Protein chains: 2
Amino acid sequence: MPETETPAPETPAPEPPPRPKKAKSEQTRALILETAMRLFQERGYDKTTMRAIASEAGVSVGNAYYYYEGKEFLIQGFYDRMTHEHATEARARMAGKTDFAERLQIALDSWVDCAAPYHEFAAQFFRTAADPNSALSPFSNESHPARATAVQIFREVLDGSELGPKLDAELDELLPDLLWLHLMVVVLYWVFDRTEDTERTRAFVKRCAPFVAKIVALSRYRVFRPLVRDATDMIQEFVLPTIGKTAVGKTAVGKAAVGKAAVGKTAGGKPGRRS
Amino acid sequence: MPETETPAPETPAPEPPPRPKKAKSEQTRALILETAMRLFQERGYDKTTMRAIASEAGVSVGNAYYYYEGKEFLIQGFYDRMTHEHATEARARMAGKTDFAERLQIALDSWVDCAAPYHEFAAQFFRTAADPNSALSPFSNESHPARATAVQIFREVLDGSELGPKLDAELDELLPDLLWLHLMVVVLYWVFDRTEDTERTRAFVKRCAPFVAKIVALSRYRVFRPLVRDATDMIQEFVLPTIGKTAVGKTAVGKAAVGKAAVGKTAGGKPGRRS
DNA sequence: CGCAAGATTTGAACGCGTTCAAATAACTCC
DNA sequence: GGAGTTATTTGAACGCGTTCAAATCTTGCG
């Protein structure tokens, strides 16, 4: 199982600090993040004030800012955690299935399920995530680790599928990223979805999966070649460069190239930004 | 609409109010909006405080809130103005052209040109526009008028084109909305574009237009029929209902005959032939 | 005119995210 | 241990968007 990265500040194991005094600050950092995430879940993003987070965590508000540059940076914890959950869930559910459409739908359904608890205030996240200047943008470099994990899931969706004759090489290489983009569309749809239990999004996904599979299947036929060519070229030239390095297997095929766990730190190394 | 510019906040009466005594409040409302838009352009959205707007307009901050529910509602002015500018510009530039790809590219280029002055703080607009709860969302009912205008432009793009044999009826009806969605994608691309003068977006548009035209042209062929069918059905079922009423014909919103004849409303009597 | 009932306008006040100089704790090297 | 340096923590303060009770202006009507 190619674990690409582990969400950094998660420390579910409540270990007493007998020896590691050095980890004192990391403990505070984690405490703040955990408190924030709990309050976000309880009250929503907007209703959760920095003062409340600090107070609940038993620290001062200034201290929260010592570890996190701003309120929005606390969302990254959610982002990372959900991505990880989604990956685990999707892998488990896909096991044994070999039909591409089915695997794709499972992957997308898993996302909707994992995200469900946060739907009511997802819009509040989305607002800041939509800011191109924000580190939370799904295209930003800061969210690269989570994006890489998600793309990897779709690579596995493909790898586990019996797709028949091989596809156009370029398209084949692009597909994981394209499917991730498809997920982004689903996310957009989901955020705007106001139906009970986001039923509409679920129906949308159910409808999309076979459609996408059909397109992929048809892409092999001669008549579609020029279109596929055009599309892949366009995406390669205009879309992929805009999303921070996703390291599509071009250089050293994906699987092996992900050994660099160094990126795992979302909040950066040392918080010293004052002189 | 460049009406009366009142750059001097000291002289309150550039024109005597002989008759419109009732319009006093509308005058204040307009003054606030104009001031806000000027400051947005000068300093950007975030840097323009409500206090500054009120101060520059010579009213109290509370008064601004009497006329506008919040800061974000002042953006709507921009939105509407730009939409109008874009429509005028696009119509002028399209005049005489009959090639679909060319007309489409003109329409999109016009948008990029009209939006150019605001690019540096477009992200700040975009952030609030991305909130599904916001009235500024391009899908919201509040922005329906602007959206209708934009969709109309794309209807004219089609009406003025020589598209050859008639298209699938369903697709034909959907196309204006689809092209508007395409514009939304371009907008998304533009917002994230950091190149000089958004050159990348311009290249993207240049590349997209013929591609879209090709897809439309190919959609007529037998082989593509199932795909087109699937796509149009999906869009009709899942996409269009989520964007507030677009009011296809504005008069007869019949599902059947589709009042294509009644569209010439703002077209300006250019009866481009398509059949 | 007088005067009650809106419509409009005001500015202080609230709660928020964020900043910062200063206080305190922890660590290093002699 | 102690002096010097760095890491962490504090809470008051700033500027912001927004709210609201009260003040002021307009209007309709006897």
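Model, not experiment: these values are computed from the prediction.
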field: Listed nucleotide nearest any side-chain atom of A:V59, set C:dT9, D:dT9, D:dT10
entry: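 The answer is D:dT10, which lies nearest to the side chain.
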If the cut-off is 4.0 Å, is [X] near the phosphate of [N], judged by side-chain N/O to OP1 or OP2?
X	N	answer
A:S25	D:dA7	no
B:T28	C:dT9	yes
A:S60	D:dG11	no
B:N63	C:dT10	yes
A:Y66	D:dT9	no

- request: Name all pairs fulfilling the side-chain hydrogen bond (donor to acceptor under 3.5 Å, both in side chains) condition that reach into residues 42-51 of chain A, sequence neighbours left out, sorted by first residue then second.
  value: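 Of all non-adjacent pairs touching residues 42-51 of chain A, those that pass side-chain hydrogen bond (donor to acceptor under 3.5 Å, both in side chains) are A:R38-A:E42, A:D46-A:R127.
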message: Protein within reach of the bases, or only the backbone? For nucleotides 13-18 of chain C, mark each nucleotide 5' to 3' as B, S or -, using heavy atoms under 4.0 Å.
response: B--BBB
- prompt: Cation-pi between B:R147 and B:Y79: NZ/CZ under 6.0 Å from ring centre and within 45° of the ring axis?
  reply: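 Judged by the rule, B:R147 and B:Y79 form no cation-pi pair.
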- request: May I ask you to say what B:Y67 touches in the nucleic acid, namely base, sugar-phosphate or nothing, with a heavy-atom cut-off under 4.0 Å?
  value: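 Sugar-phosphate, no base atom in range.
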- request: Identify, with sequence neighbours excluded, every residue that meets ring-ring contact (aromatic ring centres under 6.0 Å, His included) alongside B:Y65.
  value: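 Listed in chain order: nothing, the list is empty.
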- prompt: Partners of B:F192 by ring-ring contact (aromatic ring centres under 6.0 Å, His included), sequence neighbours excluded?
  reply: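 B:F192 satisfies ring-ring contact (aromatic ring centres under 6.0 Å, His included) with A:F139 once adjacent residues are dropped.
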- request: Not counting sequence neighbours, which residues clear salt bridge (charged side-chain N to carboxylate O under 4.0 Å, His left out) with B:E89? List them please.
  value: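 Counting only residues at least two positions away or on another chain, B:E89 forms a salt bridge (charged side-chain N to carboxylate O under 4.0 Å, His left out) with B:R93.
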- prompt: How would you list, by chain and number, every residue that makes a side chain to side chain donor-acceptor pair (under 3.5 Å) with A:D193, sequence neighbours excluded?
  reply: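 Once residues adjacent in sequence are excluded, the partners of A:D193 under the side chain to side chain donor-acceptor pair (under 3.5 Å) criterion are A:T195, A:T201.
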field: Which residues share a side chain to side chain donor-acceptor pair (under 3.5 Å) with A:S110, sequence neighbours left out
entry: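 In terms of side chain to side chain donor-acceptor pair (under 3.5 Å), with neighbours along the sequence ignored, A:S110 is linked to no residue.
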query: Just wondering, do A:L33 and A:Y68 contact through their side chains at under 4.5 Å, heavy atoms?
result: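 The answer is yes; the side chains approach within 4.5 Å.
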query: Over how many whole Å does the gap from B:R29 atom CZ to C:dT9 atom C1' extend?
result: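 B:R29 atom CZ is separated from C:dT9 atom C1' by 14 Å.
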Check: protein-nucleotides 22-25 of chain D nitrogen or oxygen pairs below 3.5 Å:
none

Would you list the atom pairs, donor with acceptor, under 3.5 Å between side chains in residues 178-190 of chain B and any protein atom, with sequence neighbours excluded?
from	atom 1	to	atom 2	distance (Å)
B:Y189	OH	A:F238	O	2.6
B:Y189	OH	B:R200	NE	3.3

